[in-house]
Structures are given as C-alpha cells and as structure tokens.
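Notes follow the structure.
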Number of protein chains: 2
Amino acid sequence: MNDNSQLFKGTLTTVVLKLLNDNKKMYGYEITRKVKELTNGNIQLTEGALYPALHKLEADGLIESSIELAGNRQRKYYHLTKTGKKEIKLKLADFSSFIADIQNILNLKPSL
Amino acid sequence: MNDNSQLFKGTLTTVVLKLLNDNKKMYGYEITRKVKELTNGNIQLTEGALYPALHKLEADGLIESSIELAGNRQRKYYHLTKTGKKEIKLKLADFSSFIADIQNILNLKPSL
DNA sequence: TTTTTATACATAAGAATCTTAGGTATATTT
DNA sequence: AAATATACCTAAGATTCTTATGTATAAAAA
C-alpha cells in the first residue's frame, strides 16, 4: 500500500464488498489487481491485509466462497450473500456521511 | 465516536493539524468540541485517542504547547510549528488523492 | 534451460491506532 | 448536594494493518 495506507484503513471491507457487488464474483488476487487498476496504481492492496479480511467477511456471513480451477491452479471465488448485499448499501451510506463530515473540517474542493 | 469510527481512523492527525492551522491555537478539549460541532455531533473524538495523538505530534515536532490558566483550571494550548504547517499541506493533498482513488472504486455521487 | 516474474493462496509476528475504562481536579448547573 | 461539564491524563485490550515468510503453478526472460 502507498503513503495513503493510513487513510485506507477502515475502508478495506467496504472496497471488497463494493467490488463483489459490482462484479458478482471475484477471487482474492483479482481483487488486488482491480484495486490497483481502478486507482491507477496508487493503492496496492497487500495480501496480508486482504486474505484475513476475506476470511472474516466469510465468517461473518457477508460473503461465500467456491473453489474453481484454472488449469492446475486453484482460485477461490467470493460472492456476496443476501446479508452482504444489505451491508454494502449501509457501508456506502456510512462512507458518504463520513466524507461529508470530514469535508466540514478539512474544507476540500467540492470536486473531491 | 460513532459507527464511522473505523473510517475516521487515520484521519485523526490530519483533522487536528487542520484545525490548528485554521485556529492558530487550541487546547485538547476544545478540539473535541469543535469536531463535534463541525460534524453536527456525528463524530465524537474520544480523549483516549486525542491526547496520545497530540503528544505524538508534539514529540514529532509538528506542534508545540503552552499552558495557560482559565481561573484555576489549566489549559494546554497547541499551535503548529513550521514543520507542522508544511505537513498539513501534504496531508490535505494526500487526503484529496485518497478520496479520488476511493471514488473510482465506490462510485459515490460527485456531491460527496 | 535456468532464473525471474506473475499468479494464487495462506499465516504469523510485530507495529500502529483506536476503544474502553479508569483516574484526578475544578466549575457550573440542577 | 448531586450531577454534569470542563480539562487533563494513562493503561489494558482490541482491531487492523505491514512486513515477512511459506507453498505451489505458469509464464516470460535471460
């Protein structure tokens, strides 16, 4: 992760759930590539952060996994559960509120 | 802190430096009130997070303190150092970049 | 063809940052 | 008189991350 890693804390699960919401199913390594692609290389998700986060989301019933094979190589695909679909809506709303609040303190440009 | 506490993580020092940048000098308790006021009560800074953060910022040379008395009660006022003034500019730029990146993933409304 | 890089999963030690809980003291409001 | 607000502080524990490491297959480069 880059110098914004401190800021990225707390958004990891929201990001994962949102990507799974938009892409139906994804595997871990794919998620790291997608985040890098969408942020022009600015955010590099570390696997040490991602995999435990995925395991926790699954333990909490927000996502489910299924193993698929690509040649001899295993991929563990994740998809949202019904609970996960509800949760991402809440998390996006929370994030919006947070940005509005922080905007009141930091006075950033509206384009941000 | 509220349910957005997870999101607020990592922004604490940015918020503190920005408030000191805008208000010249503030004391700890005043900072907690100001954050609450600016966020319509949504963000309640806990003292267990704030005071250690202030001490670290001072140890790092970004802020300096001076004790003043209000009646018999002590207030520890903080102000930015020259280094701190440079740092808050960097931190605001970092935060803007972060928001832009996260926006690419979460697809929030532009007004956010 | 050997080595490096990319893909793909995972865990564990340690660091950083926060919450929760407590402590001390003065001032004001109920 | 008691409760709340102001004002500082620390410490234990929880959470979440970084860094480092491990395993294995596939592809690219040397």
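As the structure is a computational prediction, the values presented were derived from the model and not from experiment. Below, chain A is the first sequence line, B the second, and so on; all start at residue 1.
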B/Ala70 or B/His55: which one's nearest nucleotide on DNA chain D is closer to the 5' end? B/Ala70

Pair B/Glu68 + B/Lys25, salt bridge at N-O below 4.0 Å: yes

Using a cut-off of 4.0 Å on non-hydrogen atoms, how would the nucleic acid contact of [X] be classed: base, sugar-phosphate, or nothing?
{"X": "A/Glu47", "value": "base"}
{"X": "B/Arg75", "value": "sugar-phosphate"}
{"X": "B/Gly48", "value": "base"}

Whole angstrom is fine here: how far is it from [atom1] in [X] over to [atom2] in [N]?
{"X": "A/Gln74", "N": "D/dT25", "atom1": "CD", "atom2": "P", "result": "11 Å"}
{"X": "A/Leu45", "N": "D/dT16", "atom1": "CG", "atom2": "P", "result": "15 Å"}
{"X": "B/Tyr29", "N": "C/dT24", "atom1": "OH", "atom2": "C1'", "result": "16 Å"}
{"X": "A/Arg33", "N": "C/dC9", "atom1": "CZ", "atom2": "P", "result": "11 Å"}
{"X": "A/Ile67", "N": "C/dA10", "atom1": "CD1", "atom2": "C1'", "result": "12 Å"}
{"X": "A/Gln44", "N": "D/dC17", "atom1": "CD", "atom2": "P", "result": "16 Å"}
{"X": "A/Ile31", "N": "C/dC9", "atom1": "CD1", "atom2": "P", "result": "9 Å"}

So, the side chain of B/Gln103 versus the backbone of B/Leu108: is there a donor-acceptor pair under 3.5 Å, distance only? yes

Closest to side chain of [X], choosing from [options]:
{"X": "A/Thr46", "options": "C/dA10, D/dT19, C/dA6", "value": "D/dT19"}
{"X": "B/Tyr27", "options": "D/dC17, D/dC8, C/dT7", "value": "D/dC8"}
{"X": "B/Ala49", "options": "C/dA8, D/dT25, C/dT19", "value": "C/dT19"}
{"X": "A/Tyr51", "options": "C/dC9, D/dT10, D/dC9", "value": "C/dC9"}
{"X": "A/Arg73", "options": "C/dT7, D/dA7, C/dC9", "value": "C/dT7"}

Here's a test of your reading of the structure: between B/Ala53 and A/Pro52, which maps to the more 5' nucleotide of DNA chain C? A/Pro52

Answer with yes or no whether the side chains of B/Ser65 and B/Glu58 bring together a donor and an acceptor at under 3.5 Å. yes

Is A/Asn72 near enough to D/dA26 that one of its side-chain N or O atoms lies under 4.0 angstrom from OP1 or OP2? yes

Is the shortest side-chain N/O distance from A/Lys76 to OP1 or OP2 of C/dA10 below 4.0 Å? yes

Any idea which heavy atoms bring A/Asp101 and B/Ile43 closest together, and the distance? CB-CD1, 3.9 Å

Of the options A/Leu50, A/Leu45, A/Asn42, which is the one that meets A/Val35 in a side-chain contact (heavy atoms from CB on, under 4.5 Å)? A/Leu45

